[in-house]
Structures are given as structure tokens and as C-alpha cells.
2 protein chains.
Amino acid sequence: MKQSKKRRVTLQQVAEHAGVSTSTASLIVRNNPRISEATRQKVLQSMRELGYVYDRVAANLRSQSSTTVGLIITDISNTFFSEFLIGVHDALEEVGYTVLLGTTFDSIDKQDHLISTMLEHRVGGLILCPVSGTAQETALRLEQLDIPVVLAVREIPEIKCDYVGADYREGALSAVNHLIQKGHKRIAFLGGIRESSTWVKRMEGYQTALLEAGIEVDDSLVIDSAPTREGGLEALSKILRLSKRPTAIFCFSDLIAFGVMQGVRQAGLIPGEDVDIVGFDNVPEAEISHPPLTTVSSFPRRSGTEAANLLHHKMSNTNHKQQRIILKPELIIRESS
Amino acid sequence: MKQSKKRRVTLQQVAEHAGVSTSTASLIVRNNPRISEATRQKVLQSMRELGYVYDRVAANLRSQSSTTVGLIITDISNTFFSEFLIGVHDALEEVGYTVLLGTTFDSIDKQDHLISTMLEHRVGGLILCPVSGTAQETALRLEQLDIPVVLAVREIPEIKCDYVGADYREGALSAVNHLIQKGHKRIAFLGGIRESSTWVKRMEGYQTALLEAGIEVDDSLVIDSAPTREGGLEALSKILRLSKRPTAIFCFSDLIAFGVMQGVRQAGLIPGEDVDIVGFDNVPEAEISHPPLTTVSSFPRRSGTEAANLLHHKMSNTNHKQQRIILKPELIIRESS
DNA sequence: CTGAAAGCGCTTACAG
DNA sequence: CTGAAAGCGCTTACAG
């Protein structure tokens, strides 16, 4: 962990070289306008000559500030989250923050550990996609942090916190309604983790749609799974073993849907013909899958941007009021249904 | 940028509370074993009571060390890089480093700026996927950094540096040979940026394969493009306008190949039947695309892991010898060819 | 517009 | 095994 043998060039050395005081040099690195242009040029020249690199860490320590933000997500290989990450990252970079990245893989321990690490690194704010079933203890801890926190995607019901997400219930409702309108009566709901708030919301939408159409909810058609492509494949294999198979499948996410489509094909059926499939999220791959996937866009990238902007606002305004930003999902009909 | 109103609990306060000196408390946070178990427990208890959070930034400043690593990639939405990111991130997290993330989107200015930001944040090491056409100036600067640097994916010919990548020439060779063996004589090479070392290497492989098979290289069949799906789509549209169309297409990357397949379909042709298509990288989507994409695996995730391990080794061993890790690519034949 | 001194929260020798 | 003092590289009042 030891850094360079060579010592860093310090601001003091620069000041000496330029023949000014350290305070003057300090004002210059921070672009304070009340320094004469002549001195400024002289000092900037010394910096170049000595190869000076500003030490933001020391500066932040002294001034009790921070130029970093922590971002904790579940899994980068899940395109939903990588899209979310892009949204957050780009928005924060634009306003001059550097992001520290952490991934939980849905482990509560990892999440606790990452929160600590972020705090130890003095992040000025935190964007967290909480692990499903985040403990009361963690929740309390989050509430007591003295840096701004924005929750995203999943919610923690126990605490009040700024939050960015989509109306998952509404999204599920529109997806299932679409299937009902196509004449389906046996519609499965596949994949996802039951403990997750995002699952619960989708389940509500699923049930509501069925009930409103006078269709009874058949528990054997609701199968949860790991939120991965493999999870989708597995959930589907259970469906295939059913004596009364569904004619349409509403999937927890696009990732799950890709697994389901793969399984459907392996069983010799054609997605969109023999069985209708709808995903959730509208990740970029949904458009190029074959057949292109009907899905509900939950705007992952935009969620990231919104979360970043909200956090930034919170970090710069002390009188920030708590906000919940709920994006309205959009049904995108393609050929898989 | 101002942090919390509440002041951080300091180690000194903890020490006072526990009735020991600050040095003792410091030894305890760093798990120094020469403190009696009794004192240790007493101090740990005080930390819990006061809600102490270790200030790694202050610690790193004082001890001239770092627990962060900078990672600069081109574009997170390109699955190749997000896979690379996962590899780096997981490997570094495991050994206790936190990663600062930056994306260049192939802009030299952004790259220069990101390198500065990373240095200002006192990263202990840097993994960089250089922008194509990185200037001599930047290259020199990289060479003179006094922190360990590992280059990945693309190379900068001007400088000597640790490097991790795949044998792109070899990969292209095997892809094109595969197409030749299938009887193709008119094989296009589509997409990618000519300035990039990874393009040049693939081009070498492409030419070599053709020449060895006694096929003349037809320049009209080599079309570069932005390294995106849209780029692939565009490059294909140029191909479609040709009077003598190719019967097979070797694509710079899977991402390009997805664009090409999309375009092929839009033109009413069937990929893998009317025209054979081969990609490069083997990103996860290659397996689920339709038809599944024949491609050359360049092991993006493993490249990331290797780069991280190499960097870590370099950071902890002062007598590290410069290394080049070149992964051997692997042709994966699926149904698109 | 510029300077001398103190301090952010930690660790590092050096004594005991 | 524990303590008092100095210092990492910067910024912050406060004087001038």
C-alpha cells in the first residue's frame, strides 16, 4: 500500500519556487480571483516546472469536504445495473465528483462492509440500491449517517429516505393487461426474489390485472428465482413440468426473460408464437434479442441520472426536502408477444 | 461539497473516552497485535459507543499510502468494458482496494483530465484502457507517474508499460480462417477505429488469413466505424450498396456484429444463412442473440482480473519486473456462421 | 493582495 | 505495552 518512493511535490515547494506564500499558492489552485494575474501566472509556471499535482485528499481533509460519492449496486453484469451505473456516473462526473464503486451481489454482509468502506473513504454522499431484506440494523444506520443518502430501485420500508425508482406495480399491471388483451387466461409470473420490494410491487400489479379481468390467481404459476438469466431458465423448467402450462409468461426482468426464451426454445417452442413472453426493464439487449422482447421500460439509465441529480442537490443544499422520484414505466410491444 | 454539520468522531476522542493515548488507539484500529486484549476490548467498546468511523483518508495522507485504485475505461455501456470492469473490480475488492471509476468515451481530453483527477485523489495505482491515438505527451506523462500503471486492451506503442490484452491478431486469423474453410472468398472486415491498436492487430490477422489462402484483399470490403452497434449498422449499409457484396462478414467486435445482424435482417436476409457473420469478444449477449453469434473470445472479464492482479502485484512489490500478459483468444462457433 | 500560524484526523518515530 | 510530540499536504481565519 506504500506509495511512491518519490515524494509528492507540495504546494509549499511550489510557493517557495515562485517566491510567494503558501496561502497565495493555495488561493491560486482554487481559482480564487483575488490574486493578481501576474502572480497567478508565475505560480502556475512553477507548478508546471515542478510537476505539481494537487492533493485533493489533503485539501478535503482540511476543509472538511469531499469530492467523491459512493455508489453501491447489486451486480454490474446485470445490464439493468450497468445502465443505472452509467446514468449515475455520467451525471456525477459532469458536476465534478468521482465515484467509488461497490457491488453487493445481494449479500447483506457485503453491503454493510461496503457502507463502512465508503464512509471511511469520506464520500460526500451515497447512492445505494439496497440488498433485498436489508436488516433493520442497517436501515437505522443509514438513517443516522451524516452524509446525504439516496436509495434507488429497491426500497427499505422501515426508513424515510430520498428514493428514485419506477412505478413497478403500474408497470406489471400494464404488461399483464397487455397479455390479457391478447386473450391469455393462464399467465405466469416468473423470476425475481420474493423478499425484494420490486418483486412485491410487480406481484401486486400482476394480481390486480388478473383480478380485474376476473381471472383467478393460480399460485403454481408464480415462481421466483435468482434474478439472473440462469434463474429464468430454471424457473421455466419448473413451468414446463406443469400439467397445465401457461400460455404467456410475464417475467420479473429482461434478464429473466432471456433465460426463459432460451428455455422455451430448448423445449422446441417458439417465443412469441407458442408462448408469449414479456420482460421488464427494457435493457438495450431487449431490442436485439430474437424475437425482440416485449417489455416494460423502467428507464434504468434515467433512474441513475435522477438519483445522481437528487444526491447532488442534497449535497449542495442544506435545506433539501426529502423527495421520491417515481418514473412512469412504459410498455414497449415487440415481437415476443 | 461541504460535509456534515456534525463533526466526525476522532480517534483522539475515542482514546480519551477509553482512557488510553491516541497512539494506542491508532495501533488498535490497525489491528496491531502488541496491544493487550483487555485494552483492545475497552477501546473497541468506546468506538461502538461513540459511533467512530475510521478516517482512511487521513490515515493514508499521514502514512503516504493509498487504498484506492483508478480504473479508466472507454465506455461502460459497451459490454466488453463492463465485463472488464467486473473483472478488475472484483479482484481489487478482494484485496481491499476501492476503485475510482472513470470513462473516456474515447476522448483524449477526457482521458487527460481523468488521469489528473485520479492522481489528485491519490490513487495507489492505475489501470488504463487508453484512448485510440493517445498523444505522445500523455504517454510520456504516464511513463513518469510515480504510481504503478497497467495498460489494458489497447496498447500505446511509444511507451514501455505493463500490459494486459489478448492476441487480437491471432483471434482475427482464426475467425477469418474459419470463414475461409466454410468456402467463403469474399469476406468483409467491418467496424472499429483504424487508429486503435486493436483494430490494426485484427487487420493484420484478417490480411494474413486471406493472403495465406491466396485471396486478394479487397479494400472496398474493409469498412471502419464507431465501435458501437449503430456503427455496425452503418458500416453494413455501406456494404449493402456494393455491387459485389461479400458472402461473409468478420466484425471488429460483438457489438458491431449485433448491429450488422440487425441490418442484415432489415435487408431481408438471414444471418447465418444468406450471409455468415463472426464477431469478436464473446460478450454474454453473443450466446443469446439470434442466431447465437460465432465469435472469438477475448476474455474481457479475465483480462480485467489479470490487470487487477498485475497491478496489485506491482503495488506491493517494489522490485516488480515489467510484464505483458497476452491471453490466447478462442474461436467459438455458433449458428451465425 | 500577501504572510505566519494553527489545525483537519490520522501515524510515526522515539521515549519510557 | 503506552504516551507526548511532530508531521502528511493542504486550508482557514486573522493580520497586515
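To find a chain, count down the sequence lines: A is the first, B the second, and so on, and within it residues start at 1.
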- Query: Taking for each residue the nucleotide of DNA chain D with the nearest heavy atom, is it B/Ser36 or A/Arg34 whose nucleotide lies nearer the 5' end?
  - Reply: B/Ser36
- Note on the structure: A/Leu27 CG to C/dG3 P, in whole Å, measures 11 Å
- Query: Checking all strands, does A/Ile35 fall into the base, sugar-phosphate, or nothing category for heavy-atom contacts under 4.0 angstrom?
  - Reply: sugar-phosphate
- Item | Separation of C/dC8 P from A/Arg122 CZ (nearest whole Å) | 11 Å
- Query: Would B/Asp55 and B/Arg8 pass as an ion pair if we require N to O under 4.0 Å?
  - Reply: yes
- Query: If you check the A/Arg62 side chain, which of C/dC8, C/dG3, C/dG9 turns out closest?
  - Reply: C/dC8
- Query: In terms of side-chain heavy atoms of B/Thr24, which of C/dG3, D/dG3, D/dG9 is nearest?
  - Reply: D/dG3
- For A/Leu61 and C/dA6, give me the distance from atom CG to atom P, rounded to whole Å. 18 Å
- Message: Once you apply a heavy-atom cut-off of 4.0 Å, does A/Val20 come out as touching a base, just sugar-phosphate, or nothing?
- Response: sugar-phosphate
- Item | Phosphate OP1/OP2 of C/dC10 contacted by B/Ser26 side-chain N/O (<4.0 Å) | no
- Task: Measure the distance from CG on A/Asn60 to P on D/dT11 and round it to the nearest whole Å.
- Result: 9 Å
- Task: Rounded off to whole Å, could you give me the OH-to-C1' distance for the A/Tyr54 and D/dG9 pair?
- Result: 10 Å
- Task: For B/Ser23, answer base if it contacts any base atom (sugar-phosphate contacts may also be present), sugar-phosphate if it contacts only those atoms, and nothing otherwise; contact means non-hydrogen atoms under 4.0 Å.
- Result: base
- Item | Distance below 4.0 Å between A/Thr39 side-chain N/O and C/dT2 OP1 or OP2 | yes
- Flag the pair B/Glu306 and B/Arg301 as a salt bridge only when some basic side-chain nitrogen lies within less than 4.0 angstrom of an acidic carboxylate oxygen. no
- Query: Nearest to the side chain of B/Arg30, which nucleotide is it out of C/dT12, D/dG9, C/dC1?
  - Reply: C/dT12
- Parallel under 30°, tilted from 30 to 60°, perpendicular over 60°: which one fits the rings of B/Phe81 and B/Phe84? perpendicular
- To the nearest angstrom, how far is A/Asp55 atom CG from C/dG9 atom P? 16 Å
- Task: Round to a whole Å and report the spacing from NE2 of B/His121 to P of D/dC10.
- Result: 14 Å
- Given that both distances must come in under 3.5 Å, which nucleotide forms a Watson-Crick or G-U wobble pair with C/dA4? none
- Message: Test side chain to side chain contact (heavy atoms under 4.5 Å, CB included) on B/Leu142 and B/Ile159; report intermediate values, then the result.
- Response: CA-CA 9 Å; B/Leu142 280 174; B/Ile159 63 170; 4.3 Å; yes
- Quick one: is A/Ser21 getting a side-chain N or O under 4.0 Å of the C/dT2 phosphate, OP1 or OP2? no
- Query: Do any side-chain nitrogens or oxygens of B/Gln64 fall under 4.0 Å of OP1 or OP2 in D/dG9?
  - Reply: yes
- Query: Between atom CZ in B/Arg56 and atom C1' in C/dT11, what is the gap in whole Å?
  - Reply: 14 Å
- Is any side-chain N of the basic residue among A/Arg154 and A/Asp106 closer than 4.0 Å to the acidic one's carboxylate O? yes
